[in-house]
Enquirer: 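Just dropping this structure here.
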There are 2 protein chains.
Amino acid sequence: MKPNIHDVAKIAGVSPTTVSRVLNNRGYISEKTKERVYKAMEEINYFPNDLARSLFRKRTNLIGLIIPNSSNPFFGELAFHIESICTLKGYKLLLCNSLNRKDKEEKYLEMLIRNQVDGVIAVTFNRGILDYHKQNLPIVAIDHYLSNHIPVVGSDNYAGGKKATELLLGKGCKHIVHINGPLELETPANLRRKAYEDVMKEHGRKPVTYEVPFHQNYQEYISRLFDEQPNADGIFASDDLIAAAVLNQAKKRGIDIPNRLKVIGYDGTETVQSLLPDLTTIQQPIELISKKAIEILLKAVDGDFNDLPRETYLPVQVLEGKTT
Amino acid sequence: MKPNIHDVAKIAGVSPTTVSRVLNNRGYISEKTKERVYKAMEEINYFPNDLARSLFRKRTNLIGLIIPNSSNPFFGELAFHIESICTLKGYKLLLCNSLNRKDKEEKYLEMLIRNQVDGVIAVTFNRGILDYHKQNLPIVAIDHYLSNHIPVVGSDNYAGGKKATELLLGKGCKHIVHINGPLELETPANLRRKAYEDVMKEHGRKPVTYEVPFHQNYQEYISRLFDEQPNADGIFASDDLIAAAVLNQAKKRGIDIPNRLKVIGYDGTETVQSLLPDLTTIQQPIELISKKAIEILLKAVDGDFNDLPRETYLPVQVLEGKTT
DNA sequence: CTGAAAGCGCTTACAG
DNA sequence: CTGAAAGCGCTTACAG
């Protein structure tokens, strides 16, 4: 069986209380005792049981992360940064892939509550569910406005949409088409769309937005778009995977990029940048978002509910490649 | 404060023992009592504390996953599948990004032990460390042989290397160059290399293997390769990211693919396939690997240490695109 | 069918 | 500087 604190105490010739004190560096302990305890711990390969410790302290140092899917480059990188920063701060991460399904999100949330996580970071399109279950559980939402009581951290989607559209206009595009996800989902991408449409109107151009179903095979939709918009000379895709599909469709049709058609994407993940270095895109500061989200969450964990910033939007950056 | 089992008991007018029995569906409880208990739990929004339960049962249903980096498409997808399957089987996943650093792996492993995980799935290049700390902790390695006592699950790397090389030869390539990671790392990619070299020799061709440092900026190395190997008419890259770098370098130099040069990668992740659908590659069965790894791990968790398969190699598949 | 008691492995007032 | 006792929130023999 695994050794426990009593085993250590017996070997060191002290009480379990003393061992605990050594473990926690708490109160006065003579150097000699300390050493004996350390030696005993090493001798029997003792590691404290964090379950027991957490049970007593009512603090687990566990954070739950709910994302749609760690396969997606954006979420994969988000998970990486969040986990790394958590570890740096002494927290551990329970990973949950919700596939954007409400039923899964609910189950995960209940699981996290049962496991006494100190807080939750969530990327979810389903409003309300977090609020409902919450009951004092600190939550921070990433990039999605969830409810009045939940802080959001994201990037400046309106600015991103504006930059993308203006870049295309500045390069002389007249007929710019925007591709976005379904409008019903209250995603942050809606702000990108809004910015696109505002800027287009400002410039006396008619906005044309195509909606593609979520995580569908984009090719089919993109192909239809090409058929229906033969005059398009610029495409602003609301994420890089859609932009990649556009690039592929253009290649298939022998459309010269960027001469006949300019394409800009959104997200600018490391993975996509390394696979498609030519793609012009709007880069989100994933690491910064992660940092901010954790910072706010840990404030809430420490009971500091008062001055939590309700909404934090970090700046985006244009990465200009050869597709524009 | 959070309600506990005593609060539920008081409201339902029964003992904590009975509440626990209802919770665990254990022993005989009258329907009436059951109902009263359920109602009480709902009334005060009670969720059992899994910490306490785990402490008693000496079973957490927690699995640790150590991967280099969830940003990488291969590991991101691996994490997704492993987490999904774990959830399906009632397990939860603690995510650890080791960046392939031995010191981090060691710290993570200790953290996992302290948190009483039931088992660990690890992708690591650093042999030995797991073995050292292990002390009865069930571990399964993915794609990397770690030690005699740790089962490995992976794909058939030799077959993959063979298929890749034969495909290029079959298409008429005479001068095939292979790009791989550093040989010192005992990665499974070494088997891909071995297969490449064996097949080349069999066909009376001279194998030429380039080693690129891990996670470096590949472009520079690839560029040198192009300079040094002007006659190369086929390149077999040991992963898709390297293959993508080759594609980009070829584009930069105006080299016609596949006519002047044919390129095949390795991994075949969803992400890379969706971004570079034209890339020919050897696809690893990530979901199947995940399933097998968990299956074996859970066997070990259940104390079934006897007939654990030492090595499991799942079949790979050629995905033929337009780069060959 | 139900309850009181002991214990999982810790930590922390309290006392000395 | 150190220890005995109580308790974190559960579960499970044991007894009735």
Side-chain angles (χ1 to χ4, degrees), chain A residues 1-38 40-41 44-62 110-118 135-136, chain B residues 1-38 40-41 44-62 110-118 135-136:
Chain A
M1 276 290 54
K2 278 182 196 162
N4 62 21
I5 207 172
H6 287 92
D7 301 322
V8 177
K10 209 177 293 171
I11 291 178
V14 295
S15 73
T17 306
T18 298
V19 177
S20 172
R21 271 207 206 82
V22 173
L23 237 31
N24 295 289
N25 232 322
R26 198 172 181 282
Y28 305 90
I29 324 123
S30 72
E31 270 310 315
K32 225 172 56 190
T33 309
K34 242 187 213 174
E35 244 170 61
R36 282 221 311 270
V37 171
Y38 279 130
M41 295 197 301
I44 59 175
N45 225 293
Y46 169 77
F47 291 100
N49 183 328
D50 271 356
L51 249 46
R53 183 178 282 185
S54 296
L55 183 59
F56 184 89
R57 290 202 184 140
K58 295 170 179 301
R59 195 74 139 51
T60 53
N61 277 34
L62 232 36
E110 184 176 328
M111 178 277 275
L112 295 172
I113 290 172
R114 285 170 179 255
N115 281 275
Q116 314 299 116
V117 295
D118 292 338
Q135 43 175 22
N136 287 319
Chain B
M1 278 287 56
K2 276 184 199 163
N4 63 21
I5 208 172
H6 287 92
D7 301 320
V8 176
K10 209 177 294 170
I11 291 180
V14 296
S15 74
T17 307
T18 299
V19 176
S20 171
R21 271 205 206 86
V22 173
L23 239 30
N24 295 290
N25 232 322
R26 197 171 180 281
Y28 305 90
I29 324 123
S30 72
E31 269 311 312
K32 224 171 58 188
T33 308
K34 241 186 213 173
E35 244 169 62
R36 283 220 310 270
V37 170
Y38 279 129
M41 297 197 299
I44 59 175
N45 224 295
Y46 169 78
F47 291 102
N49 183 328
D50 271 356
L51 250 46
R53 182 179 282 184
S54 295
L55 183 59
F56 184 92
R57 289 203 187 140
K58 296 167 177 301
R59 194 76 140 49
T60 54
N61 278 36
L62 232 37
E110 185 177 326
M111 178 278 275
L112 294 173
I113 290 172
R114 285 170 179 255
N115 281 276
Q116 316 297 118
V117 296
D118 291 338
Q135 44 174 23
N136 286 319

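Numbers restart at 1 for each chain; the letters A, B, ... are given by sequence-line order, proteins then strands.
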Enquirer: Between N115(B) and V117(B) (side chain of the first, backbone of the second, donor and acceptor by atom type, cut-off under 3.5 Å), is there such a pair?
Expert: no
Enquirer: Is the shortest heavy-atom distance from the side chain of S54(A) to the side chain of N61(A) under 4.5 Å?
Expert: no
Enquirer: Using only atom types and a distance under 3.5 Å, with no angle test, would you say the side chain of D118(B) pairs donor to acceptor with the backbone of R59(B)?
Expert: no
Enquirer: Check whether the side chains of T33(A) and S30(A) place a donor and an acceptor atom closer than 3.5 Å, and report yes or no.
Expert: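 The answer is yes; a qualifying pair exists.
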Enquirer: With sugar-phosphate meaning primed atoms plus P, OP1 and OP2, does R26(A) contact a base, only sugar-phosphate, or nothing at under 4.0 Å between heavy atoms?
Expert: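 The answer is sugar-phosphate, as R26(A) gets under 4.0 Å only of primed atoms, P, OP1 or OP2.
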Enquirer: Between A52(A) and E31(B), name the one whose nearest nucleotide on DNA chain C is closer to the 5' end.
Expert: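 The 5'-side residue here is E31(B).
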Enquirer: Decide side chain to side chain contact (heavy atoms under 4.5 Å, CB included) for L62(B) and Q116(B); before the verdict, give the C-alpha distance in whole Å, the side-chain angles of both, and the deciding distance to 0.1 Å.
Expert: CA-CA 8 Å; L62(B) 232 37; Q116(B) 316 297 118; over 6 Å; no
Enquirer: Evaluate side chain to side chain contact (heavy atoms under 4.5 Å, CB included) for L23(B) paired with M41(B), printing each intermediate quantity in order.
Expert: CA-CA 10 Å; L23(B) 239 30; M41(B) 297 197 299; 3.4 Å; yes
Enquirer: For DNA chain C, which residues of residues 8-18 of chain A approach it to below 4.0 angstrom with any heavy atom?
Expert: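 Result for residues 8-18 of chain A: T17(A), sorted by number.
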Enquirer: Under 3.5 Å, is there a donor-acceptor pair between the side chain of D7(B) and the main chain of K10(B)?
Expert: no
Enquirer: Checking all strands, does S30(B) fall into the base, sugar-phosphate, or nothing category for heavy-atom contacts under 4.0 angstrom?
Expert: sugar-phosphate
Enquirer: Look at the side chain of R114(A) and the backbone N and O of P48(B), then say whether any donor-acceptor pair between them is shorter than 3.5 Å.
Expert: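 Such a contact is absent between R114(A) side chain and P48(B) backbone.
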Enquirer: Looking at V14(A), is its backbone amide N or carbonyl O close enough to the side chain of T18(A) to form a donor-acceptor pair, meaning the two atoms are under 3.5 Å apart?
Expert: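 Side chain of T18(A) to backbone of V14(A), a donor-acceptor pair under 3.5 Å: no, none is there.
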Enquirer: Should E35(B) and K32(B) be marked as a salt bridge (Lys or Arg N to Asp or Glu O under 4.0 Å) after you check the CA-CA gap, both sets of side-chain angles, and the distance that decides it?
Expert: CA-CA 5 Å; E35(B) 244 169 62; K32(B) 224 171 58 188; over 6 Å; no
Enquirer: Reading DNA chain D from 5' to 3', where do the contacts with chain A start and stop? Cut-off is 4.0 Å to heavy atoms.
Expert: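 Range of nucleotides touched by chain A: dC1(D) to dG9(D).
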Enquirer: Does any non-hydrogen side-chain atom of N24(A) lie less than 4.5 Å from one of R53(A)?
Expert: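 Yes, at least one pair of side-chain atoms sits under 4.5 Å.
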Enquirer: Looking for any heavy atom pair under 4.0 Å, which part of the strands does T33(A) touch: base, sugar-phosphate only, or nothing?
Expert: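 Sugar-phosphate contact only.
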Enquirer: Look at all strands and tell whether D50(A) reaches a base, only sugar-phosphate, or nothing, counting heavy atoms closer than 4.0 Å.
Expert: nothing
Enquirer: Note every stem involving DNA chain D: at least three consecutive Watson-Crick or G-U wobble pairs, i with j then i+1 with j-1, with both distances under 3.5 Å.
Expert: C:1-3 with D:14-16, C:5-12 with D:5-12, C:14-16 with D:1-3
